[in-house]
Amino acid sequence: MITNKQLFLLNTAQTSNSPKMLEIDFAEGIYLYDQDGKAYIDLVSGFAVSNIGHRHPKVLEAIKAQLDKYLHLTVYGEYVQTPMVKFAEKLVSVLPPDLNNVYFVNSGAEATEGALKLAKRYTGRTGIISFNNAYHGSTHGALSVMGNEYYKQAYRPLLPEVSFINFNEPADLALITEQTACVIMETLQGEAGIRVASTAYMLKLRQRCTEVGALLILDEIQNAFGRTGKLFAFEHYGIVPDILLLAKALGGGMPIGAFISSKKVMGVLAENPILGHITTFGGHPVSCSAGLASLEVLLEENLTEGVTKKEMLFRELLVHPLIKEIRGKGLMLGIQLDSFEQVEKVSSLCSDQGIIIDWFLHCETAMRIAPPLTIKEEEIRHVCAVILNVLDQLHTH
Ligand code: PLP
């Protein structure tokens, strides 16, 4: 009989020649269980999605309650749908006063698209500044602001008037001018292998954008919801973006994205032309119900609070001659090794021992460690012991 794994390769589009091929039966908390009942600790959180763990009971409860009411009703922005209204109200309540207007979409890339359009429309300008090694999604607009030529070359022409500057390099800020509609930046760069800018740099960037009237778009699609030890990563720097991008953990495991700005800026999408941004499924009632429950769990269980202590434990335990550097903040860590071969080997040996790690799109020589924020101290000790043991095996061979 043909297996699911064979059908996966046959009938579903492949994005590489080396998919992980794990077939998961069910997931709970920080664990994934395969068809044979083998448990895996998810140190990747489904790529920064499962911040409160997989299938949190309160998220499941909220989804089930909404299933009994309605699923899709109509396109975004027409009917008053309670799950969306309540979720926006909650998000606004935990954000600074100027981030008070939420446009819900379906994914991170779509949040990027909406924000780029909004910045062009609001400023009447056309220039866009992004960063080398940035990642904001894979659709045409988002790809245009990706800071890695390798992934773009085959898909040109892309958006015009996009320039790239270096992350954390104050001299480059002079390239932000009165022609710039927006600067789009990951508050902490994720796919670059986790890069953290200095507070002084972030303050200068904010100041420069304000000076020339360019909107600052902070992409927190990977950074937000406690991942870095604050609810939102920009809180580390005492700055506020003009537009904030969210997705991934926003839905508590359901697909949803958002771009958030002030009512004044967002208002331009409603006129000249009307329907400045359209989505059929944006703000889906089930996703919004799940997202609201997930945010409530994060706040009620105070999950952000323990994050820095857990980061310190990882940093204290992960000491090994093969580890060159540990970058990041909170539970968003890049463990720098020497080569992709090493990272691949560690990933494969860890997987044998029931631990899932990964690498980064623009930095294949570093390991990604981003577990659910609910990971316990003894679980951190266990995964670090396994990783060190695996690194020893590499070191001695
Ligand atoms: N922005 C950042 C920082 C991301 O890490 C990602 C996805 O990895 C995206 C945008 C795109 O999100 P999505 O895959 O939901 O389109």
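Just follow the structure's listing: the first ligand is 1, and inside any ligand the first atom is 1. Model, not experiment: these values are computed from the prediction.
Here A109 has heavy atoms under 4.0 Å from ligand 1 in both its backbone and its side chain. At a 4.0 Å heavy-atom cut-off, ligand 1 touches K248 through the side chain alone. When non-hydrogen atoms are compared, ligand 1 lies under 4.0 Å from the backbone of Y135 as well as from its side chain.
V94 and L245 fall within a single hydrophobic cluster, where Ile, Leu, Val, Met, Phe, Trp and Tyr are joined by side-chain heavy atoms under 4.5 Å apart, directly or via other members.
For the side-chain contact (heavy atoms from CB on, under 4.5 Å) with D242, the lone residue among L216, L218, L99, T210 that qualifies is L216.
With respect to atom 5 (O) of ligand 1, the closest heavy atom belonging to the protein is Q222 NE2, 2.7 Å.
Taking the six-membered ring for Trp and thresholds of 30 and 60 degrees, H395 and H320 have ring planes more than 60 degrees apart, a perpendicular arrangement.
Remark: aromatic rings of H54 and F26 are distant, center separation not under 6.0 Å. The distance between the ring centers of F87 and F104 falls below 6.0 angstrom.
Ligand-side atoms of ligand 1 in range of H136: 1 (N), 9 (C), 10 (C), range being under 4.0 angstrom from any heavy atom. Heavy-atom proximity to G137, at under 4.0 Å, picks out these atoms of ligand 1: 9 (C), 10 (C), 11 (C). Ligand 1 places these atoms under 4.0 Å from at least one heavy atom of I221: 1 (N), 2 (C), 4 (C), 6 (C), 9 (C), 10 (C).
Contact of the I323 side chain with the I326 side chain is registered, since non-hydrogen atoms from C-beta on lie closer than 4.5 Å. The closest side-chain heavy-atom distance from I41 to V383 is below 4.5 Å.
For NZ of K64, the number of neighbouring non-hydrogen atoms (other residues, nucleotides, ligands) closer than 6.0 Å is 12 at most.
The shortest separation from a heavy atom of D219 to ligand 1 is under 4.0 Å, placing the residue in contact.
Checked against a 3.5 angstrom limit, the closest N/O atoms of E110 and ligand 1 fall outside it. Of the N or O atoms in G108, one or more lie within a sub-3.5 Å distance of an N or O in ligand 1.
Proximity of atom 14 (O) of ligand 1 to the protein is not indicated, since no non-hydrogen protein atom lies closer than 4.0 angstrom.
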